[in-house]
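See below for the structure under consideration.
Just follow the structure's listing: the first ligand is 1, and inside any ligand the first atom is 1.
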Amino acid sequence: MKLYMFDDSRLGVAAEDGTLVDITATVPADVPALDRMTALIEAWDDVRDEVAAAASAGGGVAFEDVTLRAPQPRPHNLVAAPVNYHAHQGEMGGENGVYKGMVIPTIEEAKGFFKSISSIVGPDGRIELPLAGRRFDHEAEVAVIIGRTARRVAEEDALSYVFGYAPVMDITLRGPEDRSFRKSMDTFTPLGPCIVTADEVADPTDIDFRLTVGEEERQASNTSYLIYGVARLIAEYSAVTTLHPGDVIATGTPEGVGPITDGDVVTLEIAGMDPLVMNVVDVSA
Ligand code: MN
């Protein structure tokens, strides 16, 4: 199933007739609007049949008549994998690298980092570049959405903790600032438009994805090239941080990162998911 948040943070499911069916009533009315997707994921075992029935019944609203928001605007944790594709590690360091001459730590050394929750933005927003004269890059990534509390999970059990997957961009300021600062600015984590439930992703080690800026393809890869795959990431991060239902892991970006500037349109397409299309605006003035 494909799950959405739309309009005033209502929950929706894509129906077989092509409409969007409102399933907000599957979570208690006193749940804060921004926590509805977390509540839905927590209640999933009890409500999934009801949601599936709604998807079969259809008769919802047309997608073009609603405003799609980030499908998970308020996870407890937003964890991200650094340099998790070999070819991306190669383009970051060395003589011709983004960080010229630097030795880029491997994911075995760097492990992970945390982005601020408030950097999440949906397809209704835009990527806002806040500093003049600086380089900002796109990073195309597959996001994992956690389905149940994960603490010290073994790699072989880890995929059973996955609720679903979603397109995510890890927008990045290049420069000497700390990684969390460079990647946590407002609007630097576009997410969505949908979360696809894990049962619809046949093999998380074989997901095709590509990112374009305008008509130009910048990144095209497959999760088979991940150094730490989805299961390993959940094992590594849950060993030190309890992962909660609805938490988001950005699994890392492949080679092809590059600058974005005012007026660009950045599109992330992941097989089996809706494209994430974001406009870029310079707000430094
Ligand atoms: Mn990244």
Query raised in the report: Any side-chain donor paired with an acceptor under 3.5 Å for Arg135 and Thr172?
Result: no

Query raised in the report: Pairs in or reaching into residues 119-174: which pass ring-ring contact (aromatic ring centres under 6.0 Å, His included), with residues at least two apart or in two chains?
Result: Trp44-Phe163, Phe136-Phe188

Query raised in the report: Other than Val281, which residues form its hydrophobic cluster under the rule that side-chain heavy atoms must be closer than 4.5 Å?
Result: Val283

**Report entry** Contacts of type side-chain hydrogen bond (donor to acceptor under 3.5 Å, both in side chains), residue Ser9, not counting sequence neighbours
**Finding:** none

Query - Any donor-acceptor N or O pair under 3.5 Å, side chains Tyr237, Lys111 - result: no

Query raised in the report: Is it true that Phe63 and Phe6 have ring centroids separated by less than 6.0 Å?
Result: no

Requested in this report: Could you name all protein N, O or S atoms found under 2.8 Å from the Mn ion (ligand 1)?
Outcome: Glu139 OE1, Glu141 OE2, Asp170 OD2

